[in-house]
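Below is one structure, written out as structure tokens; comments come after it.
Keep in mind that the numbers below use all heavy atoms, side chains included, and drop hydrogens, waters and symmetry copies. Naming convention: chains lettered A, B, ... in sequence-line order (proteins, then strands); numbering from 1 in each chain.
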Amino acid sequence: MTTTTIAAPAEADLLIGLNAAQEEAVVLPLDAHAVILAGAGTGKTRVLTHRIAWAIEQGMDPASIVAVTFTNKAASEMRERLRALVGDAVAQNLRLGTFHSLGLKVLRRYGHILGFRNPERLSPMDQDESVALLRRVMKAYDAGIDLKIEKPRDHYGLIGHWKDKGLEPQQVRPQKEASRELTRHLYAAYEKEKFASQTVDFADLILLSNRLFRTREDIAKTFQKKLRMILVDEFQDTNPIQLEFIHHLSNTGKSVSTFVVGDDDQSIYGWRGADADIFQTFMNHHQPCELVRLEENYRCTSVVLDAANAVIQHNETRIGKNLWTQRQDVGPFGLSVYADGDREADAVAEQIGTALQQGASPKEIAILYRVNAMSRPLEKALIVRSIPYKVFGGLNFYQRREVKDAMAYLRLTADPRDDAAFMRAIAVPRRGIGAKTIEGWQTAARARGASVFDVVQGETKPAVAAFLHLLNDLRVAYRDAGLVGLAKACVFTTKLDEFYIETAKERGEECVENLRELISTAGVFHHRLRTGGIAQESIAHHPGDPLSEFITEAVMDSDAAVHLSKKAETVSLMTVHKAKGLEFPHVFVVGLEEGEFPKISPFRESNIEEERRLFYVAMTRSKYQLQMSYALSRWKFGREDTEMAGIDDAHSGEGGVSSRFLSEIPSHLFGDGIMVGDKKSLPSPVAINGRLRGSDAGDWW
DNA sequence: AAGCTTAGACTTTTT
DNA sequence: GTCTAAGCTT
């Protein structure tokens, strides 16, 4: 009796504060398959976490629940929120992680069946390394390939695409186009070489897990027996191999219920193999299937929602939903046009300055654009006004050259037979051993089925001996001084710091700064490890040694290193892709020109519906102010791109014409019409999706 | 083997 | 305009 008095209020608590649709989703029968269509800002994570808490409260064993996210960030956020709902102890037992970390776990456990000699050490190559491996394959290719014409990165792109679709080399049909046919052959060679070097790429984490499940039904069964419920976040971004992965775990829903949450209108990773039709496919496989729409938005103003709804309605392929809000306030919502990109940037910076004067905090403000290159003029304009900003984009921490170099030494300490790391480390800092020599070792290693490290043992060159000696010192450093001591040694004992000061000139200081940051990242990692903050996120039931875990995190959780910028008081500049899932009181969307956003490239087929979803994502980031703009001309690759230039220059084309998406917004929603240039305002939004003509046009050229 | 010069490219990027 | 990477020179 007394125990029920504890349980009952808790159950009531759990549902408090949920709206009708959220509650409906949370309390669906535990064995029901469900699709939750959760629009932007409708409480998606809330539903997901409460659903899990609800299941546990109904008596489901936490260990039989798997929740899959796409990013580590989303995983840890969910973990945190679940801690608050169900307590530390229970949250600890949940299986929660990204597709890739789950796949890695499967491979580490069962990789020996697939022929991996050291599966528990497995840690995937990042994209650059995968391309490097392909480049080596291409260089060794019988027919001979001109790497200038056939670019490794392009071929890798297509191979990755095939892999995301679940196509193994022998399943790819012969290609009509010669270059693609070459890719097909390279794919097979790439896979062979990759296996020979006992490594895997990102896609393999899922692909090989699937192969294992397919060939060893008994192993699939052991997972299926343990599990009762699988939840998937951001389901719209799931690609075919990930869906197959879920099917293996759930026995295609026959024995495990599957609860997927996402928003088809926010599917913006189609170019990475995500299937726009994934919800439909899923529902076909999981009948009967519940469908709940979360449409009440808690983020945006009603004007923004009306505009966003109007735009997204132009998409043919969507399940359909309409966001609404109870909010009564109307924030500023506007569209401006400028003569060129610099003036646009200037005006945006000016408006931000005003907002700051009026008491806004820099971190409440974001500028969003379609492509990274657009950040430059904005940065300039912000610097002039001394407005603090941060650009989120470009390379992440672990992709920087100097950090990769130091990581190569860390990796060699963990495993001297890591060829990729060996070849990188021995070349930097320079020690009189060049590409030719290394290449020679490599072929020898391949011929003997050995690693470069093994081959090099017979070398008598003093430089080689010194290098091997250095590696030994690093091992000693790790043994005696732990992860942080090793990290320090990888920067200083290796003399990487000196190397970068000498060679990188201007950037030298910055490089060393990054190397120091790497050391402190190792320190933070070590601390998290000791305080128990790691094991659950990397979902390793038997965590390996700290070094391997650290290396894996560096590859698979590139965000883990950004602890310094977290609470910075800065304006955020980022691409719309990066902004997905975030929200800001003040949002500026710039560069809304036809051709730029939507991005239209003469070389690549563009997907207008996906571009439109991207625009939809951009608009729905704003909590209060949404300010959009475009420019009549823009500097592109050092050339001016205007409406005029488009006529004779097939390369650039569309500059200066407003985005078609703007014309899809009902004109009455633009309070003041289009703001032209600095202050002049037109009575109505003339010339949206068209050229600005006539006497009006003259003024701002 | 290392350093300098020039040619080309250039959406988006959760892992 | 700015980057990287291949290739030529020393």
Side-chain angles (χ1 to χ4, degrees), chain A residues 68-75 97-104 123-128 130-132 135 146-149 151-154 157 160 163-164 200-206 233-234 236-239 241-242 266 268-274 341 368-374 376-377 380 392-396 398-399 401 427 429-438 463 503 507 552-560 574-581 591 595-607 610-611 613-614 617-618 635-641 651-652:
Chain A
V68 195
T69 61
F70 275 81
T71 65
N72 292 291
K73 200 172 135 209
T98 64
F99 274 106
H100 297 266
S101 61
L102 290 169
L104 179 63
S123 152
M125 301 179 280
D126 67 19
Q127 194 168 305
D128 291 340
S130 304
V131 173
R135 174 176 284 119
D146 183 353
L147 293 197
K148 258 186 131 169
I149 298 162
K151 276 167 267 166
R153 194 161 286 278
D154 293 346
K163 296 188 79 155
D164 284 339
V200 293
D201 60 25
F202 277 127
D204 286 339
L205 298 178
I206 320 271
D233 190 15
E234 303 280 16
Q236 76 281 353
D237 294 333
T238 305
N239 67 29
I241 54 174
Q242 289 161 337
Q266 291 186 75
I268 55 175
Y269 285 99
W271 47 279
R272 292 195 55 161
L368 310 182
Y369 35 76
R370 178 64 239 269
V371 296
N372 282 122
M374 295 247 321
R376 284 186 183 285
K380 263 201 252 167
F392 294 82
L395 293 185
N396 76 46
Y398 288 107
Q399 285 174 319
R401 186 186 302 229
R430 299 192 180 112
R431 40 174 68 81
I433 298 164
K436 274 270 148 57
T437 317
I438 297 171
T503 58
R507 230 175 68 79
T552 304
E553 188 174 90
V555 186
M556 297 194 30
D557 187 5
S558 45
D559 262 356
M574 62 183 91
T575 62
V576 181
H577 282 92
K578 274 247 156 74
K580 195 180 84 162
E596 197 59 37
F597 197 166
K599 188 76 198 171
I600 297 165
S601 153
F603 308 111
R604 226 175 279 267
E605 198 182 332
S606 50
N607 181 343
E610 182 151 317
E611 296 289 325
R613 290 191 289 267
L614 203 47
V617 169
W635 289 93
K636 237 170 143 183
F637 312 140
R639 316 199 78 173
E640 197 179 18
D641 185 30
H651 225 73
S652 57

Sugar-phosphate, base or nothing in reach of A:Thr437, heavy atoms under 4.0 Å: sugar-phosphate

All N/O contacts under 3.5 Å from nucleotides 13-15 of chain B to the protein, with atom names and distances to one decimal?
from	atom 1	to	atom 2	distance (Å)
B:dT13	OP1	A:Thr575	OG1	2.5
B:dT13	OP2	A:Asn372	OD1	3.2
B:dT13	O2	A:Arg272	NH1	3.2
B:dT15	OP1	A:Asn72	N	3.3
B:dT15	OP2	A:Ser558	OG	3.4
B:dT15	O2	A:His100	NE2	3.3
B:dT15	N3	A:Arg272	NH2	2.9

Touch class at under 4.0 angstrom, heavy-atom based, for A:Glu611 against every strand present: base

Length of the CG-P vector between A:Leu368 and B:dT12, whole Å: 14 Å

Pairing residues for A:Arg431 by the side chain to side chain donor-acceptor pair (under 3.5 Å) criterion, not counting sequence neighbours: A:Tyr409

Whole angstrom value for the distance that separates P of B:dT12 from CZ of A:Arg370: 7 Å

Pair A:Asp128 + A:Arg135, salt bridge at N-O below 4.0 Å: no

Between C:dT2 (C1') and A:Met374 (CE): distance, integer Å: 17 Å

Side chain to side chain donor-acceptor pair (under 3.5 Å) partners of A:Asp233, counting only residues at least two apart: A:Lys44

Check: protein-nucleotides 3-6 of chain C nitrogen or oxygen pairs below 3.5 Å:
none

Contact check, side chains of A:Arg370 and A:His577, non-hydrogen atoms, under 4.5 Å: yes

Heavy-atom closest contact (A:Ala274 atom, A:Gln236 atom, distance): CB-O, 3.8 Å

Test side chain to side chain contact (heavy atoms under 4.5 Å, CB included) applied to A:Lys73 - qualifying residues, sequence neighbours left out: A:Thr71, A:Asp559, A:Leu582

Side-chain heavy atoms of A:Leu205 within contact of A:Pro124, under 4.5 Å: yes

Sugar-phosphate, base or nothing in reach of A:Arg430, heavy atoms under 4.0 Å: sugar-phosphate

A:Arg431 vs A:Leu614, nearer the 5' end of DNA chain B by closest nucleotide: A:Arg431

Length of the NZ-P vector between A:Lys151 and B:dA7, whole Å: 16 Å

Partner residues of A:Asp164 under the salt bridge (Lys or Arg N to Asp or Glu O under 4.0 Å) criterion, sequence neighbours left out: none

Cationic N near anionic O, under 4.0 Å, A:Lys580 to A:Asp237: yes

